[in-house]
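Note sheet for the following structure.
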Amino acid sequence: QVQVVESGGGLVQAGGSLRLSCAASGRTFSSYAMGWFRQAPGKEREFVAAIKWSGGITYYADSAKGRFTISRDNAKNTVYLQMNSLKPEDTAVYYCSAADALTANRAEYNFWGRGTQVTVSS
């Protein structure tokens with residue numbers, strides 16, 4: 001199994017940037033990809049971005065494309081989410097998880113972390 005710990009969240013003003021980290025441990029080689037999701041109060045958890053461990057192929061939600069960049073450091077078993085041009089609607093708890101495919105489907109992800117809070121003020 002894979003265990004993940006998210007970090008890097010915080011309070012930023014609109015237009016600012018944050019870099020989230022997802023430190024993975026355990027059988028990371030058994031997972032095909034890692035993904036970032038976010039969940040705002042009263043809303044369902046939504047897909048943000050995903051990346052394959054091997055090759056680094058990426059997949060972005062429309063809301064993230066052009067502003068967010070997902071990357072990974074295989075040697076550190078860490079996935080990052082660089083978030084630029086942040087908007088108040090980006091405010092949410094951001095979660096990292098592992099999947100067996102490069103997918104936006106939440107149901108295909110397992111081994112969720114506890115999340116890290118991102119708050120963007122206007």
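Computation of the quantities below employed the complete heavy-atom set of this structure, encompassing side-chain atoms and omitting hydrogens, waters and symmetry-equivalent molecules.
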From [X] [atom1] over to [Y] [atom2], what is the distance, rounded to the nearest 0.5 angstrom?
X      : Y      : atom1 : atom2 : result
Glu108 : Asp100 : CD    : CG    : 8.5 Å
Leu81  : Arg38  : CG    : CZ    : 9.5 Å
Gln13  : Ser121 : CD    : OG    : 5.0 Å
Thr58  : Leu102 : OG1   : CG    : 7.5 Å
Met34  : Cys22  : CE    : SG    : 4.0 Å
Ser25  : Asn77  : OG    : CG    : 8.0 Å

Would you mind reporting whether Val118 and Val93 have side-chain heavy atoms less than 4.5 Å apart?
no
Any side-chain heavy-atom pair from Tyr94 and Gln117 closer than 4.5 angstrom?
no
Treating [X] as the side-chain partner and [Y] as the backbone partner, does any N or O pair qualify as donor plus acceptor under 3.5 Å?
X      : Y      : value
Asn84  : Phe68  : no
Thr103 : Ala101 : no
Thr91  : Val120 : yes

Identify the heavy atoms of [X] and [Y] that sit nearest to each other, and give their distance.
X      : Y     : value
Arg72  : Ser54 : NH2-C, 4.3 Å
Ser21  : Trp36 : O-CH2, 3.6 Å
Ala98  : Ser31 : CB-CB, 3.9 Å
Arg106 : Glu44 : NH1-CB, 4.0 Å
Gly8   : Leu18 : O-CD2, 3.7 Å
Val79  : Trp53 : CG2-CH2, 3.7 Å

Treating Ile, Leu, Val, Met, Phe, Trp and Tyr as nodes and any side-chain heavy-atom pair under 4.5 angstrom as an edge, say whether [X] and [Y] lie in one connected cluster.
X      : Y     : answer
Tyr109 : Ile57 : yes
Trp112 : Val5  : no
Leu86  : Tyr80 : no

Regarding Arg114 and Glu6, does a basic nitrogen lie under 4.0 Å from an acidic carboxylate oxygen?
no
Checking side-chain contact (heavy atoms from CB on, under 4.5 Å) for the pair Ser17/Gln82: CA distance, chi angles, key distance, verdict?
CA-CA 7 Å; Ser17 299; Gln82 178 67 45; 3.9 Å; yes
Could you tell me whether Phe37 and Phe47 have their ring centroids closer than 6.0 angstrom?
yes
Thr69 and Tyr60: side-chain contact (heavy atoms from CB on, under 4.5 Å), yes or no, with the steps?
CA-CA 9 Å; Thr69 302; Tyr60 293 94; 3.8 Å; yes
